[in-house]
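Contents: one structure, followed by commentary.
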Amino acid sequence: MKVLANDGISKSGIEALEAGGFEVLTTTVAQEQLANYINDNQIAVLLVRSATKVRKDLIDSCPSLKIIGRGGVGMDNIDVDYAREKGIHVINTPAASSQSVAELVFAHLFGGARFLHDSNRNMPLDGDTQFKSLKKNYANGTELRGKTLGIIGFGRIGREVAKIALGIGMKVIASDKFVGKADIKVEFYNGQYINVEIETEPMKEVLKHSDFVTLHVPAQDDYVIGKNHFEIMKDGVGIINAARGGVIDEVALIEALESGKVAFAGLDTFEEEPKPAIKVLMDRRISLTPHIGAATNEAQDRIGTELASQIISLLKVKDK
Ligand SMILES: NC(=O)c1ccc[n+]([C@@H]2O[C@H](COP(=O)([O-])OP(=O)(O)OC[C@H]3O[C@@H](n4cnc5c(N)ncnc54)[C@H](O)[C@@H]3O)[C@@H](O)[C@H]2O)c1
């Protein structure tokens, strides 16, 4: 049986599929030629990330499809219900990148607390002539240990963030619309671990008591953090959004940065992607990454091998 990984797949994923008896094609076929390619090659499994669209018309014109797989979380690019109505399995790998996103949150947090985002902008320009004044500018850093991290959205990624925070000695408080409490297992390299139970609190309480706030909720119709929410927060708070653009009101964020209410922000996701607002890009208090939360080699490997094992168990191919 043939698998078309139209938006790419890790080497480990290809190897696992081949070991399961599948032939893996990694050609990137243009959207308008996809139906023909799938039919000509009798593709049984179509794997995509976010680029390839799998809409009703494609599903209707490709009767050989048995599985549509999305490497990653969001499935906005697939007509999931329609495919399932037609008897096609639709699978994804929701947990494969949680740890990668959580680590990026800490890259922004550690960097923000010590002004690395700004220092990295200014050292190349003035490091050789203004060393002493730059040193003074970045002198009032803060440590994360002992501080309170507020996690909004205590699902897969929120809990991975909690593990790292507990590991470095932060106090963790969290809020979630649906999760009441969670057991966070912090594992060490030698097999030892500790369990910490965290009960969620109303969002207002979390915002009021956090030194740093990080968001891990899905996209929603309204902002989760708007002008009123910034007002509740501690002065000098740091805030991270590696969830989805539109979860934070960016205009209110810039105002809060300008007033000093928010000391720094870390953004991996933006209201306007792929063309974030210039005001956001140019603000020296914002640490910026171009939506790379899930983009680690380890996450790509997990995505590939998790998809492969789901495909193998669904189609149970035994012979090569
Ligand atoms: N930056 C990246 O590259 C990247 C990568 C993967 C996922 N993400 C994003 O991260 C977010 C979280 O992903 P996840 O896998 O942890 O999802 P998840 O479904 O496991 O967890 C989300 C949690 O948010 C809670 N929630 C929903 N609305 C809420 C609200 N208004 N207030 C408080 N809690 C609310 C839910 O109850 C759930 O527990 C998603 O938006 C996802 O798209 C970003």
Side-chain angles (χ1 to χ4, degrees), residues 7-8 48-51 70-78 80 91-109 111 149-165 172-184 198-208 210 213-226 228-229 232-233 239-250 265-274 276 280 286-303 306-307:
D7 298 331
V48 300
R49 287 184 183 159
S50 53
R70 157 74 159 106
V73 194
M75 299 212 278
D76 334 349
N77 52 326
I78 302 170
V80 177
I91 58 174
N92 68 347
T93 58
S97 55
S98 302
Q99 192 177 313
S100 304
V101 179
E103 289 197 11
L104 185 73
V105 168
F106 277 87
H108 282 292
L109 278 174
L149 178 66
I151 300 174
I152 311 295
F154 212 33
R156 287 175 292 256
I157 299 174
R159 294 175 208 193
E160 287 299 327
V161 167
K163 285 183 195 172
I164 303 176
V172 176
I173 55 178
S175 180
D176 193 290
K177 248 186 177 168
F178 303 106
V179 177
K181 65 177 175 194
D183 270 323
I184 306 298
I198 295 176
E199 275 190 42
T200 58
E201 303 171 36
M203 188 163 97
K204 238 183 173 177
E205 290 304 305
V206 171
L207 297 182
K208 211 157 104 184
S210 298
V213 173
T214 182
L215 299 166
H216 300 290
V217 296
Q220 5 232 295
D221 294 338
D222 293 321
Y223 294 124
V224 175
I225 300 293
N228 300 342
H229 301 99
I232 309 171
M233 294 181 201
I239 184 157
I240 311 295
N241 180 15
R244 273 284 180 268
V247 164
I248 291 187
D249 178 348
E250 287 175 358
L267 299 182
D268 186 49
T269 54
F270 302 85
E271 280 193 65
E272 290 154 50
E273 287 186 28
V280 170
I286 305 181
S287 171
L288 300 152
T289 46
H291 207 147
I292 54 163
T296 63
N297 297 331
E298 291 85 350
Q300 294 316 314
D301 273 347
R302 282 192 294 268
I303 286 171
E306 278 181 30
L307 283 174

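For ligands, and for the atoms within them, numbers begin at 1 and follow the listed sequence. Numbers here are sequence positions counted from 1.
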To the nearest 0.5 Å, atom CG of Leu207 lies from atom CD1 of Ile225 at 4.5 Å
Could you check atom 21 (O) of ligand 1 against the protein and tell me its nearest heavy-atom contact, residue, atom and distance included? Gly155 CA, 3.3 Å
N or O contact, Ile292 vs ligand 1, cut-off under 3.5 Å: no
Rounded to the nearest 0.5 Å, what separates atom CD1 in Ile240 from atom CD1 in Ile152? 13.0 Å
On a heavy-atom basis, I'd like to know which of Val73, Val101, Leu267 is closest to atom 5 (C) of ligand 1. Val101
Is the shortest N/O to N/O distance between Val217 and ligand 1 below 3.5 Å? yes
Do Ile157 and Val161 have side chains that get closer than 4.5 Å, going by heavy atoms? yes
List ligand 1 atoms under 4.0 Å from Phe178, heavy atoms only on the residue side. 37 (O)
Which is it for Gln220 and ligand 1 at heavy atoms under 4.0 Å: side chain, backbone, both or neither? side chain
Closer than 4.0 angstrom: is that true for some heavy atom of Ser98 and an atom of ligand 1? no
among protein heavy atoms, the one nearest atom 7 (C) of ligand 1 is Ile157 CD1, 3.5 Å
Nearest 0.5 Å, what's the NE2-CG distance between His108 and Leu267? 7.5 Å
Proximity flag Gly74 to ligand 1, non-hydrogen atoms under 4.0 Å: no
May I ask you to list the atoms of ligand 1 that are less than 4.0 angstrom from any heavy atom of His291? 1 (N), 2 (C), 3 (O)
How about Thr289 and Asp268: does a side-chain donor come under 3.5 Å of a side-chain acceptor? yes
Nearest protein heavy atom with distance in Å, relative to atom 15 (O) of ligand 1: Arg156 NE, 3.1 Å
Numbered in order shown, the ligand 1 atoms found under 4.0 Å of a heavy atom of Gly293 are 1 (N), 2 (C), 3 (O)
Could you identify the single nearest non-hydrogen protein atom to atom 34 (N) of ligand 1 and state the distance to 0.1 Å? Lys177 N, 3.2 Å
The protein heavy atom nearest to atom 27 (C) of ligand 1 is Pro218 CD, 3.3 Å
Between Ile198 and the options Val179, Ile173, Val172, the side chain to side chain contact (heavy atoms under 4.5 Å, CB included) test singles out Val172
Students should be able to answer this: which protein heavy-atom is nearest to atom 9 (C) of ligand 1, and at what distance? Ala243 O, 3.3 Å
Could you list the atoms of ligand 1 found under 4.0 angstrom from a heavy atom of Val179? 39 (O)
Tell me, which protein residue and heavy-atom name are nearest atom 12 (C) of ligand 1, and how many Å apart are they? His216 O, 3.4 Å
To the nearest 0.5 angstrom, please state how far the CD1 atom of Ile239 sits from the CG atom of Leu215. 5.0 Å
CG/Asp183: more than 12 non-hydrogen atoms of other groups inside 6.0 Å: yes
Show your reasoning for whether side-chain contact (heavy atoms from CB on, under 4.5 Å) applies to Gln99 and Glu298. CA-CA 9 Å; Gln99 192 177 313; Glu298 291 85 350; over 6 Å; no
Minimum side-chain heavy-atom gap Leu109-Thr214 below 4.5 Å: no
Derivation and outcome, side-chain contact (heavy atoms from CB on, under 4.5 Å), residues Ser50 and Arg70: CA-CA 8 Å; Ser50 53; Arg70 157 74 159 106; 4.0 Å; yes
Just heavy atoms, cut-off under 4.0 Å: does Asp268 contact ligand 1 by side chain, backbone, both, or neither? side chain
Note: ligand 1 atoms sitting under 4.0 Å from heavy atoms of Arg244 are 41 (O), 43 (O)
For atom 39 (O) of ligand 1, the protein heavy atom that lies nearest, with its residue and separation: Asp176 OD2, 2.6 Å
For the atom pair OG1 (Thr200) and CZ (Phe154), what is the distance rounded to the nearest 0.5 Å? 8.0 Å
Against heavy atoms of Ala242, which atoms of ligand 1 measure under 4.0 Å? 1 (N), 2 (C), 4 (C), 44 (C)
Sub-3.5 Å donor-acceptor pair from the side chain of Ser97 to the main-chain atoms of Ser100, do we have one? no
